[in-house]
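In this text the structure is predicted, and so the values were computed from the model without any measurement. Per chain, numbering begins at 1; letters A, B, ... match sequence-line order.
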Amino acid sequence: MANEVRVRFAPSPTGYVHIGSLRTALFNFLFARHYGGKNILRIEDTDQTRKVEGAVENLIGSLERLGITFDEGPVAGGDFGPYFQSERLDIYKKYCSELLQKGYAYYAFETSEELEEMRRLQQLEGKQTMYDRRGRDLSEDEVKEKLASGAPSVIRLKVPLGEEVRFNDLVKGTIKIDSDIVDDQILLKSDGFPTYHLANVIDDHLMGITHIIRGEEWITSVPKHILLYRAFGWEVPAMAHVPLILNRDKTKLSKRQGDVAVEDYLRKGYLREALVNFIALLGWNPGEGDEREFFAMDDLIREFSIERVQTSGAVFNPDKLNWMNNSYIKDYDLDKLTELSLPYFSGTGIDTSDRERVRMILNTIRVYLNKLDEIPDHVKIFSTEEVQLEKDELRQILEAESSRKAIGALAGKLEDLDKLTADLYKSAVAEVQAETGVKGKALFKPLRIALTGSENGPELPAIAEILGKEKSVRFLKRWL
RNA sequence: GGUCCCAUCGACUAGGGGUUAGGUCGUCACUCUUUCACAGUGAAAACACGGGUUCGAAUCCCGUUGGGACCGCCA
């Protein structure tokens, strides 16, 4: 590409990062990095009623945890700032009056109530609800008069009628819309703030954005934006509208049907690599018969292309996320995994200052973990001071004559050891088998139950080693 | 309701005129492991429908149906 690629992620600061936003942010990031361009963060905070304290910091923090970084933005700075729209009000006003002057926009004075009434009537008639453009009929004098009287006013886009607005979307192809059904969108609100549509067009142009990559929900407002670019005499950036991420019932992914905040997933112990990998594959794949499923961020950067983004929406499938996360957990560098897991041990009764022990525990249970917050479920057997039987029926197994014989023999052997290791445990059990004649299920089952209170779980020798000699012996002897 | 978008197994998807329509998750079975899980092997499971175009359509075109998004002084 001749010019440097410049893309932007432009969220409104609502306090958390939606999974759908994450994917938009990811795709922008991948696209920018793939072409060696710039990834820009712009905060769309023109709705004063929606301000959330600390939202921007949180947003940047979450994205950075996932490895999505910005070259320009509120924190990174840059030559195209400010990157908060609320700090660019003068710019919008200036361009808006230019529109007014050129006759591409006009003043309107309806109150919210009047507009609501208008919509209600339109709905009754079964028509599309949109501004009926009545403000266009006001004479210059009428407008002057109202303005002078101090009546609240907005500025609306004067949509040229009877035209077909068309554009080429990088993922959807050519899209055309009849301008007659394009709303005379409010550009400047009565509080002096611009709407998304105005601010977005001005900023994208001023910030030199070359490609707009955003969710499909924006597609119907593109004509407004095109008209705006045209009115200003600006070049329209390339656009790519990516399909939505859906609930199980195929509606737009929403809070009501489960977690949608990236922070929720991070908190539950989904690994950043797994989350990024999974989200990237929701709507993108390398194609051409390439059947890989695992991609590190570098792989994604190298292979991502907007042309391979899916045209239809994708259901967010937690089962597959779990599978992928579990795969990452199983393969993860054990030391790093140990560090990441530490917070999840709080309240389990396991002393995390003994890193080596935590490491061993993690290594034996990681195969069971879909996510890190499941750790407590699997470590009870290591922290308990007295084994609890999972169910009462297990007591019978313990009380069998052969069981007592084996348990007693093993307890004796372990007692003689200096230090209990998995290997020593194994040989001790082998000796018990030889000496008592108890073998097979009759041997292993009671030992497992005596040591853990459960019929199943990780490998017994590993458990015994983690338990240590003292505890193992004590647990065994209890059933004699 | 209007406009726009979309349509391959239950889910994510590959394929894109001639394929036994491939892979992954999930499900089921078997093997392995003296447990569960892991791993391995296998199975069930899809081109929404109707018309064209073509020697030949899952693939291209049109329509139908179905689903979704948007229709705010939100973004």
_I'd like to know if A:Tyr368 reaches the base of B:C38 with its side chain, counting only an N/O donor and acceptor under 3.5 Å._
no
Salt bridge (charged side-chain N to carboxylate O under 4.0 Å, His left out) pairs touching residues 160-174 of chain A, sequence neighbours excluded, are A:Glu163-A:Arg230, A:Glu164-A:Arg166, A:Lys172-A:Glu216
Residue pairs meeting salt bridge (charged side-chain N to carboxylate O under 4.0 Å, His left out), one or both in residues 7-21 of chain A, sequence neighbours left out, come to A:Arg8-A:Asp204
Figure out the NZ/C1' separation between A:Lys391 and B:U35, and round it to whole Å.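 Interatomic distance, NZ of A:Lys391 to C1' of B:U35: 11 Å.
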From CZ of A:Arg366 across to P of B:A39 the rounded distance in Å is 13 Å
Scoring nucleotides 65-75 of chain B by protein non-hydrogen atoms under 4.0 Å (B base, S sugar-phosphate only, - none) yields ---SSSBSBBB
B/S/- along nucleotides 21-28 of chain B (protein heavy atoms under 4.0 Å) is -BSBS---
Counting only side-chain nitrogens and oxygens, does A:Gln122 get under 4.0 Å of the OP1 or OP2 atom of B:G1?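 Indeed not, no polar side-chain atom of A:Gln122 lies that close.
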Within the side chain of A:Trp218, is there an N or O that forms a donor-acceptor pair under 3.5 Å with the backbone of A:Arg214?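 Pair absent, no side-chain N/O of A:Trp218 close to backbone of A:Arg214.
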Tell me whether the rings of A:Tyr16 and A:His18 are parallel (<30°), tilted (30 to 60°) or perpendicular (>60°). tilted
Does the plane of the ring in A:Trp323 sit parallel, tilted or perpendicular to the ring in A:Phe294? Use 30° and 60° as the thresholds.
tilted
Where along residues 440-449 of chain A does a heavy atom fall under 4.0 Å from RNA chain B?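 Close to the strand are A:Gly440, A:Lys441, A:Phe444, A:Arg448.
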Do any side-chain atoms of residues 423-432 of chain A form donor-acceptor pairs under 3.5 angstrom with protein atoms, and if so which ones, sequence neighbours left out?
| residue | atom | partner | partner atom | Å |
| --- | --- | --- | --- | --- |
| A:Ser427 | OG | A:Asp423 | O | 3.0 |
| A:Ser427 | OG | A:Leu424 | O | 3.2 |
| A:Glu431 | OE1 | A:Lys413 | NZ | 3.4 |

